[in-house]
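Heads up: the structure comes next, in structure tokens.
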Amino acid sequence: MALRLKLLGKELNFEHSSQSYVHPLSCSRVCAFFSSWSLRNPIPGSHISPDSCSRFVDVEQFHGSECGHVKVKEIGVKKSGFLSSCNNPCDVHRENFRFDDPDEDYESEKEEEEVERDSDDGLRVLDMFNANQREWENFRRAERDEDELTHPSMKEICDFRSVDGDEDEVRHPLVKEICRLIDLRSAWTPKFESELRHLLRSLKPQQICAVLRSQNDERVALKFFYWADRQWRYRHDPIVYYAMLEVLSKTKLCQGARRVLHLMMRRGIEHRPEAFGFVMISYSRASNSIKAMRVLSMMQKAGIKPNLSICNTAIYVLVKGNKLEKALRFLNRMRIIGIEPNVVTYNCLIKGYCDMHQIDDAIHLIDQMPLKGCLPDKVSYYTVMGFLCRHKRIKEVRELMEKMLKDSKLLPDQVTYNTLIHMLSKHGHGDEASELLKEAEEKGFLIDKVGYSAIIHSFCQEGRIDRAKELVSEMFSKGFSPDVVTYTTVINGFCVVGEVEKARKLLRQMYKNGCKPNTVSYTALLNGLCRSGKSSEAREMMDLSEEEWWAPNAITYSVVMHGLRREGKLSEACDLVMEMVRKGFYPTPVEINLILQSLCREGRVNEAKKFMEDCLNKGCGVNVVNFTTVIHGFCQKDGLDDALSLLDDMYLTNRKPDAVTFTTIINALGKNGRIEEAIELTKKMLHRGLVPSPITYRSVIHTFCQQGKVEELLKLLEKMLSKQECRTAYNHVIEKLCGFGNLDEAYKLLGKVLRTASRIDGETCHILMESYLDKGNPLLSYKVACRMFDRNLIPDLKLCEKVRKRLMVEGKTDEADMLMLRFVSSGSISPQLQQYIQS
């Protein structure tokens, strides 16, 4: 390390004269770098990563020469995010990456193995910031002027979401063309990739952000982000990183968000608290509040001071994780370090109280907000009203509206009534919403067609179509023309109650009233037809979609496909899936599996296999469950060789079989007497690190006990138990052996069961005792009972009474009396009861 630092110092000193005009503050950065290796340095912000020094190496000196890489290695920077994206011809090999290929640089990153700690880490981070606040502020003051020279405008980065014309960027021809090429990624050729690479270099940063936000699947956006970052003569602008984090914050892809944040930190891109907040929200969506709060520790290590925004995000995360008490403690720590909460902070806490059904505490907090220097807004009241609407406490909603006017001087307006109408309608309180609608109109507020549509939808969901039609007529009388949403809601309502013809009539009436039905309208009608057993008619209507000027979407195809499947028209359903794929819509693995199950249930396993292969070749998301379904179909049809062949195909297509897949084949091999193959396949499963499930144990035990292969079973069980403990494994073995009449082998295993002496073990012993009685051998039943007494297990009294009587019949009076004496000595029965029984 010392030699490496020495070389680094020499190299930078040597090149200082030629680079000082490019980075005039590079010397101060180098000093900060060296100071970061001092154990006495208390300022975490100065602990700059060694990789960050790559930003201050003159890139132009490496352009077009092999020696550039050698020089970088000499100074100790072997891999830099900045250099990987500079104009270096030596990186031409990176262009061979495909868009859908896994990113080696990112996917191979291992997350830090951190010990699971309580989310109090976030509270401790605030304390650490408070303790080092002065030192931190002094350091940041020195850095601020430097950042103005070496970094882009932070206002530009912070306000990247509010740039004027962002919607225009989405409609830009270049953005549309790139989105089109991304949608064709399943059929990519080198020509497509070359075209995309050429277009990428023509895009502005805002247009790259528009491409990321335009993707329906955020995983595709993340892949595009990684792919673009690997391209020669291109590197992401800082606002692109923030746009990517914003997109990921709306999903559960928390690991991807964390990697993007690490990438920003590694490349020395300015990262504000908002970037960490995006990662926290993503973790929260993945129901991992502990790791979300741990992001604050990352921020502290990066030397970023918390602000009100990140604190509000932390409180939101804790509230979403049902950790209201810790959220309140976090609020107190905020005040200690000088961050005063605002109305957003309190609204998060109000929602937390409502989620915990502590409505009185929520109202009390609203009352306390003015005393704490923060007036509640309408959202504060709407949050509580939403809880009351959900529980149909309408009277209290009205009381809260009066309180909102009296205490906070907030007048109920059209937004208030619209909000309440939507809340009541959403939770199925159509009558109450209708009453509130009349009250709003009496006070002079105009409720628009959206409010009417919400109430109509509520009535349709309850099957009250007549009441919904009355509201539609009322809309006409008041000068409102129902829009396509309103009509579609009523059409769906008719279909729900089975009145498909009325739904069809209403669809035609839409044209007469000047309202054109959309895809959702037709899909609702097709769904009604399919549920009424008219899937063929629905298929014909979908074929005429071009003449009717509407285009089916993925949901439309799915609705008709399931209708055909339910009616047993499986060939037509398979054809529809292929047509769906040709149109650019891909069925989900669940939808594929439903068709596979239907085909296998009818014994058409070969057709199921062909259908699955076609889906696989078309780029559909065929998963392990789909393969397992077809394998189970072959096993049911005595096609074990085909099942084993399909198991090999899974490895060829990179679909690794799971424990269910192996269990299915192992069970089938055992039933067909192919015990050796079943043993080998079980060993193969264990060798691949798969954990046997309880079903695996039951299947293996049943198969081997039925074949009488007890010795082989015990050897196999020892290997299985070494991978995954199953406490009742030997219990199942004894019970199965009893069922197949192999009592001698069952008695030999009794010692393994009695080691734990639990209630389940007692039930297993009772089964063995009853089996001996059925075989006419009460003496062995008596021995089983004695072994239970020895392990402090009390046998069933009624069962032992049967054993005693059978022993008396066979003349074994000593054993019969001893059995009752064991009960008396254990305190289970009194001596008087024993005399009564024996008499």
Side-chain angles (χ1 to χ4, degrees), residues 171 216 418 421-422 425-426 430 433-434 437 441 446-564 567 572 576 579-580 582-585:
R171 294 191 289 269
N216 294 325
N418 270 327
I421 287 171
H422 280 278
S425 302
K426 177 182 177 181
S434 183
L437 172 65
E441 291 177 341
L446 183 64
I447 304 300
D448 57 11
K449 61 179 71 177
V450 179
Y452 274 96
S453 298
I455 303 175
I456 290 170
H457 177 73
S458 178
F459 284 130
C460 290
Q461 289 292 99
E462 297 175 9
R464 300 166 62 183
I465 307 301
D466 294 335
R467 186 72 183 91
K469 289 172 65 178
E470 290 176 10
L471 270 180
V472 173
S473 302
E474 187 178 329
M475 289 179 68
F476 277 114
S477 66
K478 293 181 179 179
F480 291 128
S481 296
D483 58 7
V484 65
V485 177
T486 310
Y487 278 113
T488 302
T489 299
V490 181
I491 288 172
N492 185 61
F494 276 125
C495 293
V496 168
V497 297
E499 298 182 4
V500 182
E501 292 305 319
K502 290 184 178 180
R504 197 199 304 264
K505 183 178 178 182
L506 185 60
L507 188 72
R508 289 194 292 265
Q509 188 178 343
M510 289 178 67
Y511 285 104
K512 296 179 182 178
N513 294 335
C515 182
K516 181 183 176 182
N518 60 12
T519 301
V520 181
S521 310
Y522 278 100
T523 302
L525 179 58
L526 294 177
N527 186 41
L529 289 170
C530 291
R531 290 187 175 277
S532 301
K534 300 177 181 179
S535 57
S536 297
E537 188 176 344
R539 179 73 170 97
E540 293 174 4
M541 182 178 291
M542 194 169 68
D543 291 338
L544 299 174
S545 60
E546 293 185 3
E547 299 179 10
E548 300 289 343
W549 291 92
W550 67 279
N553 58 16
I555 299 175
T556 312
Y557 279 102
S558 179
V559 163
V560 179
M561 179 192 70
H562 288 306
L564 293 169
E567 294 180 25
E572 297 179 35
L576 187 63
E579 179 184 328
M580 177 181 179
R582 285 196 298 271
K583 293 289 181 69
F585 304 112

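Quick caveat: nothing in here was measured; it's all calculated off a predicted structure.
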Residue pair Glu572, Leu576: steps toward the side-chain contact (heavy atoms from CB on, under 4.5 Å) verdict: CA-CA 6 Å; Glu572 297 179 35; Leu576 187 63; over 6 Å; no
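- Rounding to the nearest 0.5 Å gives a distance of 13.5 Å between CZ of Arg508 and CG of Asn513.
- Glu474 contributes atom CD, which lies 9.0 Å from atom CD of Glu470 (distance to the nearest 0.5 angstrom).
- Put simply, OG1 on Thr523 and CE on Met542 are 9.5 Å apart, with the number rounded to the nearest 0.5 Å.
- For the residue pair Ser521 and Asn518, a side-chain donor N or O sits within less than 3.5 Å of a side-chain acceptor on the partner.
- Using a distance-only test at 3.5 Å, with no hydrogens or angles considered, a donor-acceptor pair links the side chain of Asp483 to the main chain of Val485.
- Distance alone, capped at 3.5 Å, places no donor-acceptor pair between the Ser434 side chain and the Gly430 backbone.
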Test log, rule side-chain contact (heavy atoms from CB on, under 4.5 Å), inputs Ser545 and Tyr522: CA-CA 9 Å; Ser545 60; Tyr522 278 100; over 6 Å; no
Thr486/Ser453 under side chain to side chain donor-acceptor pair (under 3.5 Å): CA gap, chis, key distance, verdict: CA-CA 5 Å; Thr486 310; Ser453 298; 2.4 Å; yes
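- In this structure, Ala538 and Leu526 approach most closely via the heavy-atom pair O-CD2, 3.5 Å.
- Between Ile491 and Met510, the closest heavy-atom pair is CD1-SD, 3.8 Å.
- Minimum heavy-atom separation, Cys495 to Leu525: SG-CA, 4.0 Å.
- When all heavy atoms of Ser425 and Ala454 are compared, the pair lying nearest together is CB-O, 3.4 Å.
- Within the 4.5 Å cutoff, no side-chain heavy atoms of Ile421 are placed close to those of Tyr452.
- Taking 4.5 Å as the limit, every side-chain heavy atom of Arg504 sits out of range of all side-chain heavy atoms of Leu507.
- The structure places OG1 of Thr489 at 11.5 Å from CG of Leu471, a figure rounded to the nearest 0.5 Å.
- With hydrogens and angles disregarded, a donor-acceptor distance shorter than 3.5 Å links the side chain of Ser473 to the backbone of Lys469.
- Residue His422 qualifies as enclosed at atom NE2: its count of foreign heavy atoms under 6.0 Å is above 12.
- Residues Ser532 and Val500 approach most closely at OG-CG2, 3.1 Å, considering heavy atoms.
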Step-by-step side chain to side chain donor-acceptor pair (under 3.5 Å) determination, Asn553 to Thr556: CA-CA 5 Å; Asn553 58 16; Thr556 312; 2.7 Å; yes
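- With a 4.5 Å cut-off on side-chain heavy atoms, Leu564 and Met561 do not count as touching.
- In this pair, Tyr557 and Phe585 present their aromatic rings tilted. The plane angle is within the 30 to 60° band.
- Here the side chain of Glu567 pairs a donor or acceptor atom with the backbone of Ser535 at under 3.5 angstrom.
- For the pair Met541 and Val560, the minimum side-chain heavy-atom distance is 4.5 Å or more.
- Across Ile456 and Ala468, no two heavy atoms sit closer than the pair CG2-CB, 3.9 Å.
- Applying the ring pair (Phe, Tyr, Trp, His ring centres under 6.0 Å) rule to Phe459 yields no partners; only residues at least two apart in sequence or on another chain are considered.
- Inter-residue side-chain proximity for Tyr511 and Pro517 is flagged as met; some heavy-atom pair is nearer than 4.5 Å.
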Stepwise side-chain contact (heavy atoms from CB on, under 4.5 Å) test for Asn492 and Gln461: CA-CA 9 Å; Asn492 185 61; Gln461 289 292 99; 4.1 Å; yes
Working for side-chain contact (heavy atoms from CB on, under 4.5 Å), residues Arg582 and Glu579: CA-CA 5 Å; Arg582 285 196 298 271; Glu579 179 184 328; 3.6 Å; yes
